Amino acid sequence: MEENIKPRHFIQRIIDEDNISGKFENRIHTRFPPEPNGYLHIGHAKAICLNFSIANEFGGKCNLRFDDTNPIAEEEEYVQSIQTDVKWLGYDWEDRLYFASDYFQQLYDYAVDLIKNEKAYVCDLTADEIRNMRGNLKEAGKESPYRNRSIDENMVLFTQMKNGDFSDGSHTLRAKIDMAHPNMNMRDPVIYRILHAHHHRTGDDWCIYPMYDWAHGLEDSIEGVTHSLCSLEFEDHRPIYDWYLDALGVYHPQQIEFARLNLSYTIMSKRLLKLLVDEDHVSGWDDPRMPTLSGLRRRGYTPEAIRTFMDEIGIAKRNNVMEMTKLESTLKGDLNKRCERRMAVLNPLKVIITNYREGEDELLDAINNPEDETAGKRQVPFGRELYIEQNDFMEDPPRKFFRLGPGREVRLRYAYFITCNEVIKDDDGNVIELKCTYDPKTKGGTSPDGRKVKGTIHWVSSKHAIGAEVRLYDRLFRVPNPASKENFIDALNPDSLTVLKDCKLEPELESAKIGIPVQFERLGYFCKDPDSKETLIFNRTVPLRDSWAKIEKQLQSGQKN
RNA sequence: UGGGGCGUCGUCUAACGGUAGGACACCUGGUUUUGGUCCAGGCAGUCGGGGUUCGAGUCCCUGCGCCCCAGCCA
């Protein structure tokens with residue numbers, strides 16, 4: 001009976017132990033520290049869910065902190081979108097919205113402390129010179145000729161740096177550590193660089209900006225963070241994180257690294273995603289094909305599905321690439337329970353019920369959600385002229401095809417059994433209309449004589465149908481790991497978007513709401529796009545499992561039936 | 001080959017010296033007014049070699065493989 005105990009991942013265990021030892025007085029405080037240089041993607045969601053859920057689980061707090069130390073890349077638009085996305089995911093930082101830029105003075109003062117302790121110096125080397133003197137993976141670096149300036153000289157120069165007396169790149173403030181250190185990050189790393197750039201929050205107040213390593217640990221320290229969770233590539237930075245905090249003798253949080261999320265057939269890099277946006281390969285950061293949270297939201301993903309997914313994939317240290325099917329499976333599990341069902345025909349084929357009273361209609365009961373009785377029923381109009389899906393009819397169907405064909409009888413969902421009597425074609429031989437008869441005794445879809453039909457298909461009354469555009473999405477890239485390609489643009493899937501302009505929806509869909517996904521029966525989950533104006537636009541969030549497609553594929557590739 | 005990490009079914013992830021389990025994917029079958037959902041079953045894994053131990057995915061030794069680091073990015 002212990003099957004439902006969820007194993008604790010390594011970070012939870014570390015915290016468990018810290019709570020036993022009293023390392024942080026049993027206080028738990030995390031933070032999500034995005035740089036506002038792009039929109040958040042599903043990889044960030046893993047970090048968001050981890051940090052907030054850890055805080056939640058242990059009765060602690062989680063801050064939202066913008067790591068805005070590089071004015072060149074950062075923009076206000078991004079700080080807004082990031083807040084929108086974190087809230088949408090369902091998390092609340094309460095009154096703890098922070099910015100690294102709010103600490104610029106404090107960070108500067110700490111740097112002065114470091115200079116006074118002879119642990120930092122102003123270096124006049126250029127970027128190229130610093131690089132050349134850093135050595136490489138096998139050879140030690142050389143010390144800067146400016147390394148042993150006096151405290152006074154360093155103070156004067158650093159003040160001049162701050163005051164704007166120097167040009168970009170002419171000087172840096174560097175930590176005096178060890179140019180022969182096997183960890184490259186410890187070879188006198190840069191603490192401050194000169195950037196005469198306008199900052200989105202501090203304007204032109206500063207022309208020197210702190211580097212990530214200097215800023216991040218101190219931000220954590222200032223905010224009283226206990227466990228600073230970050231991704232694996234920062235493992236090499238932990239010694240410098242620790243060194244700065246120890247050199248200053250300030251409160252010292254613990255950095256812990258975990259493996260970030262990767263998803264197959266997409267990219268998880270803000271830089272590359274921005275390129276897709278800037279070069280118009282997608283319609284924007286919120287293009288429904290993008291792995292961004294805004295894109296997934298527009299596509300119809302729910303925050304619940306994303307949170308469940310993050311909970312299911314676990315936290316570990318090994319590099320991973322999750323299959324997209326896992327995300328979609330979690331999504332469909334959520335959508336199946338919550339979505340109301342509707343009928344919609346994407347590729348219409350006209351059907352005339354020849355024995356149905358001309359000019360008459362009737363309303364038929366349809367269940368809104370078989371997974372949720374409280375969702376109730378609705379009425380769907382039926383008439384003499386209908387649309388069905390083109391691929392629900394085959395003129396010469398294989399044995400395993402259960403749908404409509406000449407002389408075959410199928411059930412129209414929630415309506416009647418119909419039999420196809422005549423196939424009308426255009427001059428090119430395309431099927432453009434079917435003439436069928438219905439059995440009035442099968443109203444609702446059951447036959448009083450116990451007669452069975454193998455297929456049930458969806459339909460829409462042509463007289464009552466609403467026209468709509470439907471956008472179908474496929475994976476954005478053709479290859480499992482596009483980021484590894486020399487040019488990832490070449491790996492874009494040219495068929496990632498299919499627009500269907502002549503779709504027919506049941507009238508109930510007129511009142512569909514943006515942000516509330518719905519199931520189109522037998523087709524998939526869809527949601528109304530914000531682009532909708534006079535004409536409705538629906539995005540396909542994810543298709544339903546399609547067993548027939550599999551059978552069809554087998555028939556085509558292998559033995560024919 | 002300097003340093004830091006990581007190797008468990010196809011993909012993720014458990015197992016904390018004691019029967020290698022779960023999820024997704026895939027394959028069977030059942031139920032079904034969605035070829036959906038659901039249910040039942042199946043396939044499939046400890047990187048290699050030594051050692052310690054009654055017993056090793058787990059501990060030790062030794063190979064091998066993969067990822068990260070030489071931004072005045074984060």
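This one's a predicted model, so the numbers in the text were calculated from it and none came from an experiment.
rA25(B) sits 32 Å from rG18(B) when the C1' atoms are compared, rounded to a whole Å. Of the C1' atoms belonging to rC67(B) and rC26(B), the separation is 29 Å, rounded to the nearest Å. The separation of rA70(B) from rG63(B), taken at their C1' atoms, amounts to 29 Å, rounded to a whole angstrom. One C1' atom belongs to rG48(B), the other to rC72(B), and the distance between them is 45 Å to the nearest Å.
Which of rG36(B), rA15(B), rC24(B) sits closest to the side chain of P7(A) comes down to rA15(B). Listed nucleotides rC68(B), rG2(B), rA15(B) differ in distance to P182(A); the shortest reach to its side chain belongs to rG2(B). Relative to the side chain of F234(A), the nucleotides rG35(B), rA74(B), rG5(B) differ in distance, and rA74(B) lies closest.
Listed pair K550(A) / rC26(B) meets the phosphate criterion, a side-chain N or O lying under 4.0 Å from OP1 or OP2.
No hydrogens or angles considered: a donor-acceptor pair under 3.5 Å links the side chains of R31(A) and S228(A).
A salt bridge is defined here as a Lys NZ or Arg NE, NH1 or NH2 lying under 4.0 Å from an Asp or Glu carboxylate O, and E389(A) with R403(A) fails to meet this definition.
When heavy atoms are screened at a 4.0 angstrom cut-off, K337(A) is found touching no nucleic acid atom at all. Contacts of Q519(A) with the nucleic acid, taken as non-hydrogen atoms under 4.0 Å apart, include base atoms.
Base orientation of rG71(B): syn, since the glycosidic angle falls within 90° of 0.
Contacts of residues 369-377 of chain A with RNA chain B (heavy atom under 4.0 Å): P370(A), E371(A).
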